[in-house]
Amino acid sequence: MARKPRVHFPGALYHVISRGNQRQQIFLIDADRQRYLALLNQYRLRYQFQLRAYALMSNHVHLLMEVGKAPLAKIMQGLQQSYTLYFNRKYKLVGHLFQGRYKDILCDRDSYLLELVRYIHLNPVRSKMVSDPAQYVWSSHRDYLNSGTAKAAAMVQSEEILQQFAAKPAVARRKYEQFVLDGIGAGHRAELYEVKEQRFLGNDQFVEKINRTLDLESPPRVRVDLRTIEHAVARRYRHPVAVLNARTKERRGSFGRAVVGYLGQELGSIRLNEVAARYRRDQASLSLGVKRLRERMVREAELNDEVSSVLRQLRGRQTK
């Protein structure tokens, strides 16, 4: 069965599980985990999402994230690419680090928020890495126990959850800690993965509510043609459209074609094979160019802003 497209709306709560390719380790030393957390916080600040909980294991990560305007896919794409670049450079590797498409579960926060925070923080205990979750450095459990400190406030947004235990912070932390410890004997909880429609964790009423919201908020199906995209790129970079068709290896042409391919993918209207055919280029080479462009956009804020501005303009001009 084909996977359904990811759901996005501001305030959506996702449990994200991202695993190493072929179960390989994605963190070899503590410095790797530190780098991952630094990148996670960088993207949190850039895209203004709320990080509710995390646990970094040896070959996978758990993240509990409440998104804002930026969709989860954009956040995770940047995070995964940035960390993969770091890891491959450091260990002189090539290829994929993470296992294909990460798993993301859109959760009913009213029913599952507390349970998911506890479940994620107990991952190291279930894996027999520690006997007490407070002993594990690489989860956000300690941030909850030390809420109010500068370190905790800088990364994990725990206040709303702690307030559900008690109004006074000290009392809330104690009750939260006992709540987590009470779950140690529960083991793996399959019901926290039993999703509906391949993506929802919640009852039928929750699923119906989300689907109704999506029906109201989803924009009409649109298409931007290739000619419109290439003219937008030519205007942004102040060169003739003919540069894109030039048979020489001029940098402006190869860069422009990569931007056209990237925009076509992001708009969902043009496939790379169409772009390759239009410019009489090899699809594999064009695909590599788009991949490199995406990697540069993660590293270079100015490039990301200029390409994203063209994307916003094209989205504003979309027609049915």
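All figures in this text were calculated on a predicted structure; none of them were measured in a lab. In this chain, numbering begins with 1 at the start of the sequence shown.
- Considering CE of M155 and CG of D143, their distance stands at 8.0 Å, rounded to 0.5 Å.
- The pair R294-E266 meets the salt-bridge criterion, since a charged nitrogen lies less than 4.0 angstrom from a carboxylate oxygen.
- V171 and L145 are not part of a single hydrophobic cluster, where members link through side-chain heavy atoms under 4.5 Å apart.
- Pairing each heavy atom of L181 with each of P133, the nearest pair is CD2-CD, 4.0 Å.
- Between the side chain of R52 and the main chain of E66, no donor-acceptor pair closer than 3.5 Å is present.
- Proximity of K103 to R19: side-chain heavy atoms (C-beta onward) are nowhere separated by under 4.5 Å.
- Under the rule for a side chain to side chain contact (heavy atoms under 4.5 Å, CB included), the partners of L28 that lie at least two apart in sequence or sit in another chain are Q25, D32, F87, Y91.
- Contact record, N123 with H62: OD1-NE2, 3.1 Å, taken as the closest heavy-atom pair.
- Residue H231 qualifies as enclosed at atom NE2: its count of foreign heavy atoms under 6.0 Å is above 12.
- Using a 4.0 Å cut-off between charged side-chain N and carboxylate O, K291 and E295 make a salt bridge.
- Within the 4.5 Å cutoff, the side chain of I105 has no heavy atoms near those of the Y112 side chain.
- Screening V260, V275, L272 for a side-chain contact (heavy atoms from CB on, under 4.5 Å) with Q265, the sole residue that qualifies is L272.
- Here the side chain of S82 pairs a donor or acceptor atom with the backbone of G78 at under 3.5 angstrom.
- Atoms CZ and CD, on R257 and E230 in that order, are 11.5 Å from each other to the nearest 0.5 Å.
- Here the side chain of Q283 pairs no donor or acceptor atom with the backbone of R281 at under 3.5 angstrom.
- Among residues two or more places apart in sequence or in another chain, the ring pair (Phe, Tyr, Trp, His ring centres under 6.0 Å) test is passed with F27 by Y36, Y83.
- Distance check: S139 OG to Y144 OH gives 10.5 Å after rounding to the nearest 0.5 Å.
- Under a 3.5 Å cut-off, the side chain of S309 and the backbone N or O of E306 do form a donor-acceptor pair.
- Around atom CD of E302, no more than 12 heavy atoms belonging to other residues, nucleotides or ligands sit under 6.0 Å away.
- Across all their heavy atoms, L286 and A276 have their closest contact at CD2-N, 3.6 Å.
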Given side chain to side chain contact (heavy atoms under 4.5 Å, CB included), test L13 with L106 step by step and report yes or no. CA-CA 6 Å; L13 178 73; L106 178 60; 5.5 Å; no
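- Scanning all heavy atoms of the two residues, the minimum distance from A70 to Y47 falls at CB-CD2, 3.6 Å.
- Ion pairing between E115 and R118 holds under the 4.0 Å rule for side-chain N and carboxylate O.
- Using a 4.5 Å heavy-atom threshold, the side chains of W138 and L37 count as touching.
- Looking at every heavy atom in both residues, D225 comes nearest to I270 through C-CD1, 4.2 Å.
- For V259 against L293, the heavy-atom pair with the smallest separation is CA-CD2, 3.7 Å.
- How far OG of S287 is from CZ of R292: 10.5 Å, rounded to the nearest 0.5 Å.
- Between V137 and D30 there is no side-chain heavy-atom pair separated by less than 4.5 Å.
- Remark: L64 CG to S140 OG distance equals 8.5 Å, nearest 0.5 Å.
- Contact annotation: the side chain of R227 approaches that of R278 to within less than 4.5 Å [non-hydrogen atoms, C-beta and beyond].
- Judged by the 6.0 Å and 45° rule, R252 forms no cation-pi pair with Y237.
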Intermediate values then yes/no, side chain to side chain contact (heavy atoms under 4.5 Å, CB included), Q157 and R44: CA-CA 11 Å; Q157 292 70 59; R44 181 184 68 84; 3.2 Å; yes
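- Between Y119 and R126 there is a side-chain heavy-atom pair separated by less than 4.5 Å.
- No chain of hydrophobic side-chain contacts below 4.5 Å, direct or via other Ile, Leu, Val, Met, Phe, Trp or Tyr residues, connects L244 to L288.
- Hydrophobic cluster membership is shared by V233 and L303, with clusters built from Ile, Leu, Val, Met, Phe, Trp and Tyr side chains linked at under 4.5 angstrom.
- Side-chain contact check for R173 versus E177: every heavy-atom pair is 4.5 Å or farther apart.
- Between R33 atom CZ and I26 atom CD1 the span is 8.5 Å, to the nearest 0.5 Å.
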Test side chain to side chain contact (heavy atoms under 4.5 Å, CB included) applied to M129 and M57, step by step: CA-CA 10 Å; M129 301 171 76; M57 310 303 284; 3.5 Å; yes
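- Residues V243 and Y262 fall into different hydrophobic clusters, defined by Ile, Leu, Val, Met, Phe, Trp and Tyr side chains chained together at heavy-atom separations under 4.5 Å.
- Annotation: side chain of M76 is not in contact with side chain of D104 (no heavy-atom distance under 4.5 Å).
- Applying the side chain to side chain donor-acceptor pair (under 3.5 Å) criterion to Y176, with sequence neighbours excluded, gives H121, H141.
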Stepwise side chain to side chain contact (heavy atoms under 4.5 Å, CB included) test for V224 and L263: CA-CA 10 Å; V224 176; L263 294 172; over 6 Å; no
